[in-house]
Amino acid sequence: MTGRRRSLRGAAAPLLDPLRRLWPSLRVLVVGYHLALIVVLSLPSADAMLHRPNWESANTKADLAHWAAALGRVGVEMTGPELADRLWRTAEALSGVQGAISRPFVDFSRIVGFRQGWAMFASPQRHPVELHVDLEEGGAWRPLSRPHDDAAAWRRATFEHNRYRKLAGSLGRRFQRRYYDPIARWLAREALADHPGATRVRVQLHAYTSLPPERVRVGERPRGVDREVRIFTAEELR
């Protein structure tokens, strides 16, 4: 058996020896390719900017107005819409360049799962909304669910789940009725199931603008408005 193994090694030697000699160079190429892949695909992507509806949100418009004002203070005069137009053209150019330099790495990154498919920390949300749920019992309304309110903490684990918070964040950035109406009806049904003595459930979005730090430090709280109010009776949900 040992002799047979030696004979097989001897037969394979003409093939293995060149590979052994080439391996240091191949290893440099593999490691270099991998490092280049990480660097190139880690660059901030401009593709997330090339989605027109995102530019129409109150949050984005406020950001653009803020940066346009900052530029004006250093002598570069332009309006928020003018800045948006320049940024859009810049994003298109960057996306083209990034697409070209990342092309040698894209297929391999998809195979091994190196891609991150979402943009992170693009802009802080300064115009958020909260999902509020109220219950009518004995002809009077009472809060059932409010963020950060221990007196209205119904289904808190659900509301604080990362997926649910992401949904609320998306409703603040760009309201979409096709998502909101089903979740509002589901919340109303669940509330009535937990409180069978209730007569109606109200679901609404409470929208407000985040305050700057100096106003928060003196104890001021943001005042908001209620939008997209949905009221469900016990009869229609049974």
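Here the structure is a predicted model, which is why all the values come from computation and not from measurement.
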May I ask you to decide if T79's main-chain N or O and E82's side chain share a donor-acceptor pair within less than 3.5 Å?
->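 A pair under 3.5 Å: yes.
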Is there a donor-acceptor pair under 3.5 Å between the side chain of S95 and the backbone N or O of A91?
->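 Checking the backbone N and O of A91 against the side chain of S95, no donor-acceptor pair under 3.5 Å is found.
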Pairwise side-chain contact, [X] with [Y], heavy-atom cut-off 4.5 Å (strictly under):
{"X": "V133", "Y": "L131", "answer": "no"}
{"X": "Y208", "Y": "V129", "answer": "no"}
{"X": "P222", "Y": "R215", "answer": "no"}
{"X": "R165", "Y": "H161", "answer": "no"}
{"X": "L83", "Y": "L71", "answer": "yes"}
{"X": "S170", "Y": "Y179", "answer": "no"}
{"X": "S25", "Y": "V28", "answer": "no"}
{"X": "R110", "Y": "V106", "answer": "yes"}

Evaluation steps, side chain to side chain contact (heavy atoms under 4.5 Å, CB included), between R200 and F232 | CA-CA 6 Å; R200 292 189 296 174; F232 303 90; over 6 Å; no
Quick test of your reading of the model: are [X] and [Y] salt-bridged, counting only N-O distances below 4.0 Å?
{"X": "D134", "Y": "R142", "result": "no"}
{"X": "E228", "Y": "R177", "result": "yes"}
{"X": "E190", "Y": "R155", "result": "yes"}
{"X": "D85", "Y": "R89", "result": "yes"}

[Y] reachable from [X] in the ILVMFWY side-chain graph, under 4.5 Å edges:
{"X": "V39", "Y": "F105", "result": "no"}
{"X": "L37", "Y": "I101", "result": "yes"}
{"X": "W141", "Y": "V201", "result": "no"}
{"X": "L205", "Y": "W154", "result": "yes"}
{"X": "L41", "Y": "L94", "result": "no"}

If you look at every heavy atom in [X] and [Y], which pair is closest and at what distance?
{"X": "H127", "Y": "A62", "result": "NE2-CB, 3.8 Å"}
{"X": "P143", "Y": "A152", "result": "O-CB, 3.9 Å"}
{"X": "G99", "Y": "S102", "result": "O-OG, 3.4 Å"}
{"X": "G80", "Y": "A68", "result": "N-CB, 3.9 Å"}
{"X": "L211", "Y": "R221", "result": "CD1-C, 3.7 Å"}
{"X": "E77", "Y": "G72", "result": "OE2-O, 3.4 Å"}

Enter the distance from [X]:[atom1] to [Y]:[atom2] here, rounded to the nearest 0.5 Å.
{"X": "T199", "Y": "E235", "atom1": "OG1", "atom2": "CD", "answer": "8.0 Å"}
{"X": "L171", "Y": "K166", "atom1": "CG", "atom2": "NZ", "answer": "11.5 Å"}
{"X": "R178", "Y": "I183", "atom1": "CZ", "atom2": "CD1", "answer": "14.5 Å"}
{"X": "Q176", "Y": "D181", "atom1": "CD", "atom2": "CG", "answer": "12.0 Å"}
{"X": "H34", "Y": "S109", "atom1": "NE2", "atom2": "OG", "answer": "11.5 Å"}
{"X": "I38", "Y": "Y33", "atom1": "CD1", "atom2": "OH", "answer": "11.5 Å"}

Apply side chain to side chain contact (heavy atoms under 4.5 Å, CB included) to the pair H195 and L144, showing each step before the final yes or no.
-> CA-CA 10 Å; H195 303 83; L144 187 64; 3.5 Å; yes
Heavy-atom neighbours of W88 CH2 exceed 12 at 6.0 Å |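 Result for CH2/W88: enclosed.
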More than 12 heavy atoms of other residues, nucleotides or ligands under 6.0 Å from CZ of R227: is that the case?
->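 Result for CZ/R227: open.
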Passes side chain to side chain contact (heavy atoms under 4.5 Å, CB included), R230 versus R202? Steps please.
-> CA-CA 6 Å; R230 305 287 188 272; R202 180 171 61 203; over 6 Å; no
Start with the C-alpha distance between L187 and F159, add both sets of side-chain angles, then the distance that settles side chain to side chain contact (heavy atoms under 4.5 Å, CB included), and finish with yes or no.
-> CA-CA 11 Å; L187 286 171; F159 283 90; 3.8 Å; yes
